Amino acid sequence: MCDKMGFTVDDAIDTLENNRPTSGYIMLNIALNMSIAALEKQKKILELIDTFSDDEKMKHYRTDASGVLNILRDLMMVVE
């Protein structure tokens, strides 16, 4: 969704890092760390998807939620 607005995953990570509170707010900093980790994992998955040919993308493309979840689950194993 970020790319449709002209933002990238790197922009989102930079925004989170640059607006991090400097003192106190321990729970907020933990949440920011979790968000940044999720964005970095998503970035790896998106980079991996970009290496697929159009035929490979269509072979794995399914419009239902279970198809999307299966693809993400497979990619998560590769990234980790």
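Remember, predicted model here, so these are calculated numbers, not experimental data. Quick note: residue numbers are just sequence positions, from 1.
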Quick one: CD on Gln42 to CD1 on Ile13, what's the gap to the nearest 0.5 Å?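 If we round to the nearest 0.5 Å, Gln42:CD and Ile13:CD1 are 9.0 Å apart.
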Nearest 0.5 angstrom please: Ser35 OG to Ile30 CD1, how far? 12.0 Å
Give a yes or no on whether Met34 and Ile26 share a hydrophobic cluster (residues Ile, Leu, Val, Met, Phe, Trp, Tyr; joining criterion: side-chain heavy atoms under 4.5 Å apart).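 In one cluster: yes.
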Taking Asp11 for the side chain and Thr8 for the main chain, is one N or O donor matched with an acceptor at less than 3.5 Å?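 Yes, because the side chain of Asp11 sits within donor-acceptor range (under 3.5 Å) of the backbone of Thr8.
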Nearest heavy-atom neighbours spanning [X] and [Y]:
| X | Y | result |
| --- | --- | --- |
| Tyr25 | Ser23 | CD1-O, 3.1 Å |
| Val9 | Leu39 | CG1-O, 3.3 Å |
| Asn29 | Gly24 | ND2-O, 3.5 Å |

Taking C-beta and beyond as the side chain, do Thr15 and Arg20 meet within less than 4.5 Å on heavy atoms? no
Would Glu40 and Lys43 count as a salt bridge (Lys or Arg N to Asp or Glu O under 4.0 Å) if you check the C-alpha gap in whole Å, the side-chain angles of each, and the deciding distance to 0.1 Å? CA-CA 5 Å; Glu40 288 171 345; Lys43 181 180 173 183; over 6 Å; no
